[in-house]
There are 2 protein chains.
Amino acid sequence: MTGERPIRLAIVDDDPLVRAGLRILVGGSPDIEVVAEAGDGAEAVTAADAHWPDIILMDIRMPRVDGLVATRRIRSREGAPQVIVLTTFDADEYVLEALRGGASGFLLKDTPPREILAAVRSVASGAATLSPTVIRRLIDHVADPEAGTRRARARARLADLTEREREVAILVGQGHSNAEIAGELGMSLPTVKGHVSRLLSKLDLNNRVQIALLVHDAELL
Amino acid sequence: MTGERPIRLAIVDDDPLVRAGLRILVGGSPDIEVVAEAGDGAEAVTAADAHWPDIILMDIRMPRVDGLVATRRIRSREGAPQVIVLTTFDADEYVLEALRGGASGFLLKDTPPREILAAVRSVASGAATLSPTVIRRLIDHVADPEAGTRRARARARLADLTEREREVAILVGQGHSNAEIAGELGMSLPTVKGHVSRLLSKLDLNNRVQIALLVHDAELL
DNA sequence: CGCCTTCCGCACGGATCGCTCAGGATGGCG
DNA sequence: CGCCATCCTGAGCGATCCGTGCGGAAGGCG
């Protein structure tokens, strides 16, 4: 990697001291070159357009336009630079919002300098880098025990249905009427009714909406 | 960390060669001690009970009981050991299922030996460790633009509803009948019908199931 | 084969849903 | 005040849904 052209880096932080620190940090690495700095999100967007960096180190809490919004704006273009969020706050909302906005990294400011540089290189080569606590947050978020067991329970209840019944249940879950289902599955309307009726009784439900909700909990799409 | 008692490690893989390789790898690290080995998921569960390791390196594809099921079983107990999944396959399903099952690590088998050891130590000290490609997968999953915008779109459609209409919509989304809604909100049955009817027309839908699905997309629970 | 079980299919009736039309209450505006 | 707009409320009626009952096809078993 060091034999290639240097990585073009932009630094975005409202605190001049932080920017200076990062600049000095990068100064020791000939394979990384600081091509732009910005003090808020608005400047960041224009700087990204003007200097086409490979990577942007982005703070979140900044005046005018914050880093999350700036990230989304920058990443919405084709061939946009990669964004690594670098902040003191690892609140769940921030992490998810940043990653959804297109960030490829999320580092806390207590990250050792060496690892910040490593993250820049790693993201430049296509990977993603997150601080350990951020990874933990992300895992907890997808692991969401509630959602997991709800799906499992729903699947269990749907387990001993006939193949035909399951097909009908899924179409009910899509919001189709009995007539539509009849057409879709090639059977008569009263037959569909029969299946729906059996579904209600087997699953101990009161109406088709509850069938639909159960199907969605089971994630049969 | 090296001054403490050694990390108790269990190795679970159906391939004796892989187990041997890992054993030799760990052999060079005095701070890690292999206390158990297992060749399938069932053995893994009993071994975890018998030897209470701190960390388990777990393969996924194994005869009888696979690593995902074994992970879930082991992690369902109090004070269970941490599990690091170590596999060649990084399919989305595997990653999510493993993390939901309680795994604290997910490494691909092409991970350099040094980093496997680092991951063991890191997880032992409470952090989580994922291979870069796995992190990428995880990010893509939470970033899922579809889910994010679906919620946003659903909210937008529900935005210009009356307060009363929204209340009715939510109860429809819970699977309640019109009569139940009437009781719940203290109005007459025909009134509820009127609201539902207006909901269908305003939202351009065909039946109450679709209202329910929209409410759930908007996450109004 | 005869018997049983399970599933699919269908028809009828009562219950529920969904549409249309309309009255009444509130608030803004000239 | 008169007028309009918006919202909540309600009644009548046709369409759809849901429950019950029944017949037929397919498979297991003595």
Side-chain angles (χ1 to χ4, degrees), chain A residues 150 153-221, chain B residues 150 153-221:
Chain A
R150 275 231 312 225
R153 285 187 190 287
R155 290 227 168 131
R157 294 183 67 181
L158 295 177
D160 53 348
L161 293 183
T162 308
E163 187 53 34
R164 217 56 171 152
E165 291 170 341
R166 219 188 320 275
E167 290 176 326
V168 172
I170 289 175
L171 290 176
V172 169
Q174 317 271 30
H176 295 292
S177 73
N178 286 344
E180 289 169 341
I181 296 175
E184 198 103 14
L185 298 182
M187 55 178 121
S188 88
L189 198 150
T191 299
V192 178
K193 294 182 182 179
H195 284 300
V196 172
S197 188
R198 256 192 306 281
L199 284 171
L200 291 171
S201 132
K202 274 194 182 182
L203 301 172
D204 194 30
L205 300 175
N206 300 318
N207 57 55
R208 60 173 36 225
V209 174
Q210 297 175 356
I211 297 180
L213 299 182
L214 191 63
V215 168
H216 270 68
D217 273 355
E219 290 174 21
L220 304 180
L221 323 175
Chain B
R150 275 228 314 226
R153 285 188 190 287
R155 292 231 166 125
R157 295 183 66 182
L158 295 176
D160 53 347
L161 293 183
T162 310
E163 187 52 34
R164 216 57 170 151
E165 290 170 342
R166 219 188 320 275
E167 290 176 324
V168 172
I170 289 176
L171 290 176
V172 169
Q174 318 270 30
H176 295 292
S177 73
N178 286 342
E180 289 170 342
I181 296 175
E184 198 104 14
L185 297 183
M187 56 178 123
S188 87
L189 197 150
T191 300
V192 178
K193 294 182 183 181
H195 285 299
V196 172
S197 189
R198 232 166 308 114
L199 283 171
L200 293 171
S201 127
K202 274 194 180 181
L203 301 172
D204 194 28
L205 300 175
N206 300 317
N207 57 55
R208 62 174 32 226
V209 174
Q210 297 176 357
I211 297 179
L213 298 182
L214 191 63
V215 168
H216 271 68
D217 272 356
E219 290 173 22
L220 304 181
L221 322 173

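In what follows, chains carry the letters A, B, and so on, assigned in the order in which the sequence lines appear, proteins first and then strands, with residues in each chain numbered from 1. Every heavy atom of this structure was used, including side-chain atoms; hydrogens, water molecules and symmetry mates were not. The structure presented is a predicted model; accordingly, all values stated were derived computationally and were not measured.
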Notebook entry, point to check: If you check the T191(B) side chain, which of dG19(D), dG10(D), dC8(C) turns out closest?
Noted result: dG10(D)

Note to self: Of the options dG18(C), dC18(D), dC10(C), whose atoms approach the side-chain atoms of R208(B) most closely?
What the structure shows: dG18(C)

Next item on the list: Please check the phosphate of dT16(C) (OP1 and OP2 only) for any side-chain N or O of N178(B) closer than 4.0 Å.
Entry: no

Check: For dC8(D), does OP1 or OP2 lie under 4.0 Å from any side-chain N or O of T162(B)?
Finding: yes

Margin query: If the cut-off is 4.0 Å, is S188(A) near the phosphate of dG9(C), judged by side-chain N/O to OP1 or OP2?
Written below: no

Check: Are any side-chain N or O atoms of T162(B) and backbone N or O atoms of E165(B), one a donor and one an acceptor, separated by less than 3.5 Å?
Finding: no

Notebook entry, point to check: For the side chain of H195(B), counting heavy atoms from C-beta on, which of dC18(D), dT20(C), dC8(D) is nearest?
Noted result: dC8(D)

Margin query: I want to check one thing: is the phosphate of dC19(C), taken as OP1 and OP2, less than 4.0 Å away from some side-chain N or O of S197(B)?
Written below: yes

Item checked: Short side-chain to backbone donor-acceptor contact, Q210(A) and N206(A), under 3.5 Å -> yes

Check: Would you say R208(B)'s side chain and V196(B)'s backbone share a donor-acceptor pair under 3.5 angstrom?
Finding: no

Next item on the list: Examine dT9(D): is either OP1 or OP2 under 4.0 Å from a nitrogen or oxygen in the side chain of R164(B)? Give yes or no.
Entry: yes

Next item on the list: For the pair R166(A) (side chain) and L161(A) (backbone), establish whether a donor and an acceptor sit closer than 3.5 Å, ignoring hydrogens and angles.
Entry: yes

Next item on the list: Under 4.0 Å between any heavy atoms, over every strand shown, what does L189(B) touch: base, sugar-phosphate, or nothing? Just pick one.
Entry: nothing

Margin query: Need to verify one output field. Residue with the more 5' nearest nucleotide on DNA chain C, K193(A) or R198(A)?
Written below: R198(A)

